[in-house]
Amino acid sequence: MLDTVDLDAGLSREEYRKAFWPLRDRLSLLQRAVYEAGIPVAVVLEGFEASGKGDTIVKMVGRIDPRGYQVHATLAPTAEERAHPFLWRFWRRIPARGEMAVFDRSWYRRVLADRVEREVPRKVWRLAYDEINQFERTLVDDGTLVVKFFLHLSREEQRRRLEKMKRDPYQAWRVGRRDGAAHRRYREMREAADEMLERTHTAWAPWIAVAATDRRWRRVRVFEALADALERALAARAAARARPAPRP
């Protein structure tokens, strides 16, 4: 899937201005609509280090009602979380009816960072593909909309961004040893990402791969895809309610 992503895609300032602000308003209205319709929404953001996950989330939630969403940053599991099945901590963060949960990294940590950093044995992360697919299928069957984005970045662009942040006194704190290690393991992460996308791109929870070289393109592409997914979910809910009840 990543081979098909055009990493040179971009938008001019004028193109971005015309597209982005209407999209923010559209998302705000749609978030209110899914809240009223009682549709839970889980938005997953995965991607390479420095690909813009945090910036995307900040822009995404900038105009929506703070009472209707939560952002969850997925870090290494705590001692309590390690004592449970690995999906346990995510079940606790699943959105309620009408709410939106935005995951800055997610349950895919098991087949990405955990795999690349050798935090778990091979047999463990390989079993996780089926567990994840079943988890997402259960959510969707229960009425949850699952929208998954992978932000794609070249190794050269990743290095340029990390070095730029290091030189910036206001950004340097964001770059640690883990980021440098992630850059050195870029090829391993790319291999893990390719397999993850292949194994977990399903009809009920497909992946949307987004070129993240140009931040304007990334924001607009994510917002467009999310808005389209919300509109489809609302249309499906309206159609289901319009169908006549089965005869006894």
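Just so we're clear, the structure is a prediction, and the values are computed from it rather than from any experiment.
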May I have the step-by-step check of salt bridge (Lys or Arg N to Asp or Glu O under 4.0 Å) for D228 and R26, ending in yes or no? CA-CA 10 Å; D228 289 346; R26 182 181 169 199; 2.7 Å; yes
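- Between L226 and M60, the closest side-chain pair of non-hydrogen atoms falls below 4.5 Å.
- We find the CG-OG distance between L23 and S28 to be 12.5 Å, quoted to the nearest 0.5 Å.
- Here E81 contributes atom CD and R89 contributes atom CZ; the two are 5.0 Å apart, rounded to the nearest 0.5 Å.
- The side-chain heavy atoms of L230 and V41, taken from C-beta on, include a pair separated by under 4.5 Å.
- The closest side-chain heavy-atom distance from R221 to I208 is below 4.5 Å.
- In the hydrophobic cluster analysis, where Ile, Leu, Val, Met, Phe, Trp and Tyr join through side-chain heavy atoms closer than 4.5 angstrom, L27 is grouped apart from V44.
- A salt bridge between E163 and R159 is present, with a side-chain N of the basic residue lying under 4.0 Å from a carboxylate O of the acidic one.
- Cation-pi check for R137 over W204 is met; the charged atom lies under 6.0 angstrom from the ring centroid and within 45 degrees of its normal.
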Mind running salt bridge (Lys or Arg N to Asp or Glu O under 4.0 Å) on D25 and R63 for me, showing each step along the way? CA-CA 7 Å; D25 293 338; R63 288 292 296 275; 2.9 Å; yes
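- Distance check, rounded to the nearest 0.5 Å: OH of Y16 to CZ of R216 gives 8.0 Å.
- Shortest non-hydrogen contact noted between A182 and E49 is CB-CG, 3.4 Å.
- Among T56, L11, L153, T213, the single residue meeting the side chain to side chain contact (heavy atoms under 4.5 Å, CB included) criterion with R218 is T56.
- Expressed to the nearest 0.5 Å, how far CG of L234 lies from CD1 of I39 amounts to 4.5 Å.
- Open room surrounds CD on Q70; 12 or fewer heavy atoms of other groups in view lie less than 6.0 Å from it.
- Aromatic ring centres of F149 and W207: separated by at least 6.0 Å.
- One finds no salt bridge joining E156 and R160 here, because no Lys/Arg side-chain nitrogen approaches an Asp/Glu carboxylate oxygen to under 4.0 Å.
- Checked by atom type, the side-chain pair R67/Y35 shows no donor-acceptor distance below 3.5 Å.
- Between R97 and D142, at least one side-chain N (NZ, or NE/NH1/NH2) sits under 4.0 Å from a carboxylate O, which counts as a salt bridge.
- The minimum heavy-atom distance linking R105 with T74 is given by the pair O-OG1, 2.9 Å.
- Using cut-offs of 30° and 60° for the angle between ring planes, the W107 and F103 rings count as perpendicular.
- Closest non-hydrogen pair, D214 versus A9, comes out as CB-O, 3.5 Å.
- Between N133 and E131, every side-chain heavy-atom pair lies at or beyond the 4.5 Å cut-off.
- Looking at V210 and H152, their side chains never come closer than 4.5 Å, going by heavy atoms from C-beta outward.
- Salt bridge annotation for E136-K148: present, with a cationic side-chain nitrogen under 4.0 angstrom from a carboxylate oxygen.
- For Q158 and S51, the side-chain atoms include no donor-acceptor pair closer than 3.5 Å.
- Side-chain N or O atoms of T144 include none that pairs as donor or acceptor with a backbone N or O of V140 at under 3.5 Å.
- Aromatic ring centroids of F48 and F150 lie under 6.0 Å apart.
- Considering only heavy atoms from C-beta on, R232 stays 4.5 Å or farther from L145 through its side chain.
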Before giving the answer on salt bridge (Lys or Arg N to Asp or Glu O under 4.0 Å), spell out for R184 and E117 the whole-Å C-alpha distance, their side-chain angles and the decisive distance to 0.1 Å. CA-CA 11 Å; R184 290 190 295 273; E117 296 172 12; over 6 Å; no
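- Annotation for P206 and H201: closest pair CB-CE1, 3.5 Å, computed over non-hydrogen atoms.
- For the pair R92 and W88, the cation-pi test (distance below 6.0 Å, angle within 45°) is passed.
- The two atoms that bring P40 and P95 nearest to each other are CB-O, 3.6 Å, heavy atoms only.
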Take W91 and F135 through the test ring-ring contact (aromatic ring centres under 6.0 Å, His included) and record every step on the way to the result. CA-CA 9 Å; W91 275 114; F135 170 64; 4.8 Å; yes
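- We find that E191 and R115 are joined by a salt bridge, their nearest charged nitrogen and carboxylate oxygen being less than 4.0 Å apart.
- Between R237 and E36 no salt bridge is recorded (no basic side-chain N to carboxylate O distance below 4.0 Å).
- Hydrophobic cluster membership is shared by V61 and F20, with clusters built from Ile, Leu, Val, Met, Phe, Trp and Tyr side chains linked at under 4.5 angstrom.
- Atom-to-atom distance recorded for L2:CG and M196:CE is 8.0 Å, nearest 0.5 angstrom.
- F86 places a side-chain heavy atom less than 4.5 Å from the side chain of I132.
- Here the side chains of D55 and K59 are in contact, with some heavy-atom distance below 4.5 Å.
- By the rule that hydrophobic residues join a cluster once side-chain heavy atoms approach within less than 4.5 Å of another member, L197 and L127 end up as members of separate clusters.
- In terms of heavy-atom proximity, W125 sits nearest to R110 at CB-O, 3.4 Å.
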Check the pair K164, E157 against salt bridge (Lys or Arg N to Asp or Glu O under 4.0 Å), reporting the backbone distance first and the verdict last. CA-CA 11 Å; K164 182 179 179 181; E157 177 63 15; over 6 Å; no
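- Using a 4.5 Å cut-off between side-chain heavy atoms of Ile, Leu, Val, Met, Phe, Trp and Tyr, with links allowed through other members, V146 and V71 fall into different hydrophobic clusters.
- One finds no salt bridge joining R190 and E195 here, because no Lys/Arg side-chain nitrogen approaches an Asp/Glu carboxylate oxygen to under 4.0 Å.
- Cluster annotation: L139 is connected to V111 through the hydrophobic network of ILVMFWY side chains, with a link wherever side-chain heavy atoms come within less than 4.5 Å.
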Does M1 form a side chain to side chain contact (heavy atoms under 4.5 Å, CB included) with D194? I'd like the steps, not just the answer. CA-CA 7 Å; M1 180 181 289; D194 281 329; 5.9 Å; no
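- Note that CZ of R24 and CD1 of I64 are 10.5 Å apart. Values are rounded to the nearest 0.5 Å.
- Salt bridge E188/R155: absent, no basic N to carboxylate O contact under 4.0 Å.
- When each of V102, L151, V58 is checked for a side chain to side chain contact (heavy atoms under 4.5 Å, CB included) with K53, only L151 meets the rule.
- Under 3.5 Å, the side chains of S12 and E15 contain a donor-acceptor pair of N or O atoms.
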